[in-house]
Amino acid sequence: MVPETAVKYNGEPIIENTDFYDTALQLEAFAKYIRAGKAPEALIREGYNASIWTMLGEIAIETGEKLTLADKYRI
């Protein structure tokens, strides 16, 4: 039996010569919305869709039925 070891390969950049740090960029954009007193619509929509489809997926797994989202819940 071989013990688990940490992966030492960190991948390769797909864009050369960048110092992008996605988390910091997203946090900065979110802070701009907060300062403006607004909500990021795309983020709200993505969160809603991810949640509703996850719940429907869980129900489908439990019941074995094929489910669809009713039009009245689509945004």
Side-chain angles (χ1 to χ4, degrees):
M1 187 171 203
V2 178
E4 291 184 26
T5 57
V7 175
K8 294 179 182 178
Y9 176 69
N10 292 325
E12 298 174 24
I14 58 173
I15 301 173
E16 296 296 325
N17 302 322
T18 63
D19 59 353
F20 289 108
Y21 181 59
D22 288 346
T23 303
L25 292 173
Q26 291 174 6
L27 183 58
E28 180 182 336
F30 184 71
K32 286 180 183 178
Y33 276 104
I34 299 297
R35 289 185 192 113
K38 297 180 180 179
E41 277 188 42
L43 184 60
I44 293 168
R45 193 171 18 261
E46 286 178 25
Y48 173 81
N49 285 324
S51 298
I52 198 81
W53 285 107
T54 298
M55 290 187 285
L56 284 173
E58 289 178 0
I59 294 169
I61 290 169
E62 291 173 1
T63 64
E65 296 178 25
K66 180 180 177 181
L67 301 175
T68 58
L69 182 63
D71 285 340
K72 67 180 181 180
Y73 297 116
R74 293 181 187 271
I75 59 168

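Throughout, numbering of the chain's residues begins at 1 and tracks the sequence. Everything numeric here is computed off the predicted structure, so don't read it as measured data.
Taken together through direct or relayed side-chain contacts under 4.5 Å among Ile, Leu, Val, Met, Phe, Trp and Tyr, Ile52 and Ile75 form part of one hydrophobic cluster.
Going from atom CD of Glu62 over to atom CD of Glu58 covers 6.5 Å, rounded to the nearest 0.5 Å.
By the salt bridge (charged side-chain N to carboxylate O under 4.0 Å, His left out) test, Arg74 is found to be paired with Asp71, residues two or more places apart in sequence or in another chain being considered. Every residue was checked against the salt bridge (charged side-chain N to carboxylate O under 4.0 Å, His left out) condition with Glu65, not counting sequence neighbours, and none meets it.
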Throw together a table of side-chain donor-acceptor distances under 3.5 angstrom for residues 39-49, partners on residues two or more places apart or in other chains.
residue: Tyr48; atom: OH; partner: Tyr73; partner atom: O; Å: 2.7
residue: Asn49; atom: ND2; partner: Arg45; partner atom: O; Å: 3.3

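Between Leu67 and Leu56, the closest heavy-atom pair is CD1-O, 3.4 Å.
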